[in-house]
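Accompanying notes for the structure given below.
Quick caveat: nothing in here was measured; it's all calculated off a predicted structure. Here, residue 1 is the first one in the sequence, and each next residue gets the next number.
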Amino acid sequence: MTLIDWIVLLSTIGGIVFYGIYRGKQTKRSLQGFLLADRELPWYHVLLSVMATQASAITFLSAPGQAYTDGMRFVQFYLGLPIAMIVLSVTFIPNYYRLKVYTAYQFLEQRFDSKTRILTSLLFLIPRALSTGVTIAAPSIILSTLLGWNLSWTNAMTAALVTTYCMMGGSKAISYTQMLQMSVVLAGMFLAAVLIIHQLPEEIGVHESLLIAGKMGKINLIDWKFDINNRYNIWSGIIGGFFLQLSYFGTDQSQVSRYLSGQSATASKKGLLLNGFLKIPMQFLILLVGIFVYIFYQFQEAPIFFNKNSERLWSQQANYKQVSAEHRNVFEVKKQQEIALVKAIKTHDIAKTEQLQTSIQDLQGKQKDLRSQAVSEIKKSHADFEEQDTNYVFLRFITDNLPVGIVGFLIAMILLASMGSMASAFGSLTSTSMVDIYQRFMNTEGSNQHYWWVSKLITLGWGILCLIVAHFAVNMGSLIEVVNILGSWFYGTILGVFLCAFYLPRTSGNQVFWSAIVAEAFVIYAWYIDLMAFLWLNVLGCLLVMAFAGISSLISPSTKTA
């Protein structure tokens, strides 16, 4: 990076962080002030904070790469989100505000018992700590590879910065930084899309780009075929996605704490509902950026490996020059056929279009074969070589092809996205540890000032632990899938507990507690034997908890109701 890029990067991040700390210092020195920003945030804060919590750097690094390799079908993952937001607004939010809880899990003790509360808290804390480690690692792994930054120091600096402003300003600092972070991120993605289109050949615009992408199978927005082993189709998105999003937004404290900071239940509902209907267009834009990157590399030769470490290893192989020359020749032929394809489509020459489409697909197959040959060669001397480089596609494009200053801004965008989701995660880990464990079981008589200070120390502790997890979060494939798979192990079970609380009034704490444990064992086993695509694990976990608890309540009725 140039000096100008560094100035843009540091000033963008520094300005937002210092603004957040400044606003956070205006919070009262109380537990409510530290964990819930005194419950005074307007609806648009709730909206942007919720969006920033969900949209981590993984979203903006991995999703364009996902679209580059797999097309647009990942957008189906979010189709259940609007329905989940409606259900949350009708059921979860009114109950949380009526009971004036700090965490979602407080509600479970009032409805069931303390062991159900602590079990559900732990089911949240485990995946949240692991996924936060991945969130820290995601930009660090890629930035260290493409820019030569030290991985450990990049992890440490990012985690230290976020931990510091979370400790100093609490929930209000998190919310105000997220509001600005999300604004920068959306502006950055739009700017990236414009710059990619600007760098395409003169005869290739947006319309032509979409024509090519469509013929190459990249505009695969909707898949109507029902297949329980297919990760992304309309059924897994609406059904599995609904259960995942309902659990994530309704029972995951990283999201619950965002909307419990709202001025009122109405403000929280408004923020969540708008998030439900804006998230799909936002994700569509992010994936579309990946499609434009794909089109760009139809007219500019793509590297065989986007990961520079892989590229370095490849350059040391004996047949490097020969395979690279073949790859270049195939690209040149394919490039001319892409241009001819656009002309054939525009003149409605169906026969020519089909002929060129088949020819281009054959040439793409040859490029994949050459890449596989390169992978095989590298693995002869490096058996642990990781060939997956989906996460490197977008940032490699940025660093190789965009002008000075813009590179710094877009890298700042990626780091800010990471910081936004990390901050919410630290806040939720702190609030759950403080309210559901420390305040409830370890020190029930502490003062507000005491809890305020202990919350800061807990934040520091989680920051260190997540940093340790980040150190080991390497070679995991598409990181956006990794995070969602981690969540799918636990979210269905957690959701089942909450739905029992809301909709099965005859169930007792003992029944739900043991049902959750058995259901969780089933979910992990189903994942282990690869029984179904990961989104369906959310449905499985939720339904098993409700079925086991419901049957138990019929066999041994409980007199305790909600």
Side-chain angles (χ1 to χ4, degrees), residues 24 27 29-37 39 53 96 99-110 112-136 159-160 162-175 247-248 250-261 421-470 486-487 490-491 493-494 497-498 516:
T27 307
R29 291 194 173 194
S30 65
L31 194 60
Q32 178 169 290
F34 191 83
L35 299 182
L36 297 179
R39 298 185 189 266
T53 298
Y96 290 157
L99 298 171
K100 296 182 179 180
V101 295
Y102 284 79
T103 75
Y105 317 113
Q106 281 181 280
F107 164 73
L108 294 178
E109 182 169 3
Q110 297 182 43
F112 294 126
D113 53 34
S114 60
K115 68 176 180 294
T116 305
R117 173 183 181 178
I118 195 69
L119 172 65
T120 315
S121 300
L122 292 174
L123 288 176
F124 160 72
L125 289 171
I126 294 168
R128 178 51 56 207
L130 293 174
S131 61
T132 303
V134 176
T135 300
I136 295 171
V162 177
T163 303
T164 299
Y165 75 74
C166 288
M167 288 177 64
M168 293 181 68
S171 184
K172 184 171 284 189
I174 293 171
S175 179
S247 182
Y248 177 51
T251 70
D252 187 312
Q253 185 60 22
S254 64
Q255 285 291 2
V256 173
S257 61
R258 296 297 88 216
Y259 56 77
L260 286 184
S261 302
S421 57
M422 284 165 54
S424 284
F426 287 163
S428 64
L429 291 167
T430 297
S431 58
T432 303
S433 302
M434 163 55 71
V435 175
D436 295 298
I437 298 175
Y438 183 81
Q439 189 182 40
R440 173 64 181 84
F441 297 102
M442 299 173 69
N443 187 341
T444 59
E445 303 297 330
S447 65
N448 245 324
Q449 188 82 349
H450 171 78
Y451 291 140
W452 184 75
W453 277 110
V454 173
S455 294
K456 290 177 179 287
L457 294 176
I458 291 174
T459 302
L460 176 61
W462 279 116
I464 294 170
L465 181 61
C466 291
L467 178 59
I468 293 170
V469 173
L486 281 173
F490 299 94
Y491 281 147
T493 302
I494 296 174
V497 173
F498 276 86

Residues that Ser247 engages under side chain to side chain donor-acceptor pair (under 3.5 Å), provided they are two or more places apart: Thr251

Closest non-hydrogen atom pair, Ala159 against Met422: CA-CE, 3.8 Å

Side-chain heavy atoms of Leu429 within contact of Cys466, under 4.5 Å: yes

Residue pairs passing the salt bridge (charged side-chain N to carboxylate O under 4.0 Å, His left out) test where at least one lies in residues 422-442, sequence neighbours excluded: Glu109-Arg440, Arg117-Asp436

Phe107 and Phe498 aromatic ring geometry - parallel, tilted or perpendicular at 30°/60° bounds: parallel

Which residues share a side chain to side chain donor-acceptor pair (under 3.5 Å) with Ser121, sequence neighbours left out: none

Reported OG-to-CG distance for the pair Ser455 and Leu460, which is rounded to 0.5 angstrom: 12.5 Å

Partners passing ring pair (Phe, Tyr, Trp, His ring centres under 6.0 Å) against Tyr96 (at least two apart in sequence or in another chain): none

Closest approach of Thr120 to Val497 (non-hydrogen atoms, all atoms of both residues): OG1-CG1, 3.9 Å

For the student: nearest non-hydrogen atoms of Val469 and Gly133, plus distance: CG1-CA, 3.8 Å

Test ring pair (Phe, Tyr, Trp, His ring centres under 6.0 Å) applied to Phe124 - qualifying residues, sequence neighbours left out: Tyr105

Atom pair OG1/CD of Thr432 and Gln106 - distance to nearest 0.5 Å: 9.5 Å

Minimum-distance pair of heavy atoms, taken over all atoms of Thr103 and Ser431: CG2-O, 3.6 Å

Point-to-point distance, once rounded to the nearest 0.5 Å, from CD1 of Ile118 to CG of Leu123: 10.5 Å

Partners meeting ring pair (Phe, Tyr, Trp, His ring centres under 6.0 Å) with Phe426 (sequence neighbours left out): none

Qualifying residues under side chain to side chain donor-acceptor pair (under 3.5 Å), relative to Thr493, sequence neighbours excluded: Glu520

Residues which pass side chain to side chain donor-acceptor pair (under 3.5 Å) with Ser428, listed by chain and number, not counting sequence neighbours: none

Under the side chain to side chain contact (heavy atoms under 4.5 Å, CB included) test, residues paired with Leu457 that sit two or more places apart: none

Non-hydrogen side-chain atoms of Val256 and Val101 separated by less than 4.5 Å: no

Shortest non-hydrogen contact from Thr459 toward Cys166: CG2-CB, 3.9 Å

Ile494 side, atom CD1; Leu108 side, atom CG - distance, nearest 0.5 Å: 9.5 Å

Residues which pass side chain to side chain contact (heavy atoms under 4.5 Å, CB included) with Ser447, listed by chain and number, not counting sequence neighbours: Gln449, His450

Side chain to side chain contact (heavy atoms under 4.5 Å, CB included) involving Ile126 - partner list, sequence neighbours excluded: Leu130, Phe490

Side chain to side chain, Leu99 and Gln110, heavy atoms closer than 4.5 Å: yes

Atom of Gly250, atom of Tyr259 and distance for their closest heavy-atom approach: CA-OH, 3.7 Å

Listed partners of Ile458 passing side chain to side chain contact (heavy atoms under 4.5 Å, CB included), at least two apart: Thr430, Ser433, Met434, Val454, Trp462

